[in-house]
Amino acid sequence: MHGTAFKHIAVVVSRAIGKLPGRQLQLLFCLLMGVGSLPAQEFSTTSNFQQAAYKELPLGAIRPKGWLLHQLQLMRKGSTGHLDSLHKKISDNGWKGGAGDGWEATPYWLDGAVPLAWLLEDDSLKQHMMKYINWVLDHQRPSGYFGPLTKQEREGGKAITAADCNSGEDWWPKMVMLKVLQQYYSATEDKRVLSFMTKYFRYQLQTLKACPLSKWTEWAEARGMDNALMVQWLYSKTKQPELLQLAALLQQQTIPWSRFFAGRDWVINAATYQNDVKWMTRHGVNVGMALKDPAVQYQRTGDPRYLQALHTGFRDLMTLHGLPFGCFSADEDLHGNLPTQGTELCAIVEAMFSLENIVAITGDTRYMDALERATFNGLPAQTTVDYNNKQYFQIANQVHIKRGVFTFSLPFDREMNNVLGMRSGYTCCLENMHQGWTKFTSHLWYGTQDNGIAALHYSPSVVSLKLGKSQTPVTITETSSYPFENNIEFEISTKTTVNFPFQLRIPSWCNAAVISINGVKERTEKGGQVITLQRTWKNGDQVTLELPMDVRISQWGGNSRTVERGPLVYALKLQETWKQETDQHQGDYFTVHTPDAWNYGIVESQLKQPTTSWNIKTVKPVQDDFAWDLAHAPIEITVQAKKIPDWIIAQDVALTPVTARDGLFMGRVDAQAETITLVPYGCTKVRIVAFPVVK
Ligand SMILES: [Zn+2]
């Protein structure tokens, strides 16, 4: 996502070398990229725990407002508030003593429903969540083991002890439940959580040699960094040294993601070999989760090579597999950067959670930009407004939503992977999608290590916190319809004056941000940094952040072009025809088609116009009932385009037309240019977002 020139080279190279055999391909790629085949890098494993760049705020300190509040209210009314009555699998589940799901489904849901209850201060949802939390806390075994009763416990009456961990079950779903409990603690400071985790982690340290992460499933082995993240979170509270020992052991037993990210062969191989060899290392959801691995390891060891590995790995991933809406292909595997590949919803919400933690640990603005890109583009495009239906795989250039095989690495599953349904595809996304918006909300603001506050991701919200050396209670209200408008107002409310640093992120896409205090222009700043306003603040002080949004053109797979403005990417507006259908096994679902033509290339001269001459219109104000759909799309950009008559659907997708080096499509094009309309990608269900260019 950074360095257009680099991406351009990489895209061209990856296309040109597609026909070469594997080893030759790797050598050629490394030669062209100016890197040797890197030896497996040796990272430090010695503990040297680092203070995070930013402190996460207690759950509930940040409250959503405006359109974001409405988004969370829609989720409460829909599946997030009611999944255990809508989804049979978790209706009588093992996580509160029932006979149903004892694996990941229930913890996944709670991981988004628990923060929702506290973000909305919804007492009834809180009480509902407490049934699960109390059951889990009350049923920890004397050994420290926790979770639903295991088969051996139920049938053999066998206790799970540190001496006999074999009667336990999969480590993986417990990793998710730890995230649930951590958020619950963050909201309530219920001390039971700290002793519960301390006991469980002691059990893990005692048993992981005999019953390693890989004992029951490959998922636990792929996802151990999430377990380590929670261990290190507890360490930051209790400072018990054996916790760092456990975190190191967990990472030893986890797929060596940081080495993969640093070594580069992994991401190249993933672009080349879509076979079943080591597919867990290419599984998109695993990769989204694994992004945090280098940051978690950096925090424990202080070895800066981990941060370099993250930088290299993330850039490589987005170059070879990145898509305009801010995530990588994951259908289910990493599958190259063509805008006709799919992305699983779980990959988006997991990548977001990784980025939220990476931001806290590293303070690096690149990951803040990346989080907003995924949140404001990819995330809303994949669910229905009522939050009851989702696509297992979304496609960037998606000209219809329907049953079909498409060009996915996991193609069949009753041809239901692309439709919008509650139970279509696999239901992991139905269970896991709730953490996307909720955790984004609880990570809009962070605390600084010097008693200040940082607005690192923007959306309408209000934050309350004790600030300054004096620890004075302060409330800051953020008013804006960002990401759709470029003005953000902050109003400070405090009983007494208080001196504290107030940090603001200037996104990298912004050339010159203007910061005013109480209507007086204070400074102008360039993008790609976090700035600090250090002063004595008084009640009613107002900070205005203006982030001018110029049109930008970015380049994507198949030498295509995307129109961007601010944090949003824009897609062709197409009328939608929705139809409800039913599958015998997977229930009701929707298809979406369009009667409109979609086969447009953008006219080259349009792309060369100065950004100031683009026609951008606010067609609808963003109000508190905003929803991410076509009817509410607030901004339209009109562009000159021509039809490409031979660009038709093949294999269910709009295969990207081949273009010459300069990006121009050389085939037959309509003589007449037409004006087409682009709207924010997140408001669309059918669209083109990665366009060919025509003369
Ligand atoms: Zn999923």
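We count ligands from 1, going down the list as the structure has it; atoms in each ligand are counted the same way. Residues: numbered from 1 along the sequence shown. Heavy atoms only: backbone and side chains are in, while hydrogens, waters and symmetry mates are out.
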Asks: Evaluate the ring planes of Phe626 and Trp628, with Trp represented by its six-membered ring, and classify them as parallel (under 30°), tilted (30 to 60°) or perpendicular (over 60°).
Replies: perpendicular

Asks: May I ask you to list the protein N, O or S atoms found at less than 2.8 Å from the Zn ion (ligand 1)?
Replies: Glu344 OE2, Cys346 SG, Cys428 SG, Cys429 SG

Asks: Under the side chain to side chain donor-acceptor pair (under 3.5 Å) test, which residues partner Tyr145, sequence neighbours left out?
Replies: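 Here the qualifying residues are Lys174.
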
Asks: Pair Arg223, Glu218 - check salt bridge (Lys or Arg N to Asp or Glu O under 4.0 Å), show working.
Replies: CA-CA 9 Å; Arg223 299 169 173 184; Glu218 291 172 297; over 6 Å; no

Asks: Can you name the residues that form a disulfide bond (SG atoms under 2.5 Å apart) with Cys211, not counting sequence neighbours?
Replies: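 For Cys211, the residues satisfying disulfide bond (SG atoms under 2.5 Å apart) (neighbours in sequence not counted) are Cys165.
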
Asks: Could you go through Lys292 and Asp226, starting from their C-alpha distance and side-chain angles, then the distance that decides it, and tell me whether this counts as salt bridge (Lys or Arg N to Asp or Glu O under 4.0 Å)?
Replies: CA-CA 8 Å; Lys292 71 175 78 62; Asp226 277 52; 2.7 Å; yes

Asks: Under the salt bridge (Lys or Arg N to Asp or Glu O under 4.0 Å) test, which residues partner Lys88, sequence neighbours left out?
Replies: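 Testing Lys88 for salt bridge (Lys or Arg N to Asp or Glu O under 4.0 Å), a comparison that skips the adjacent residues, returns none.
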
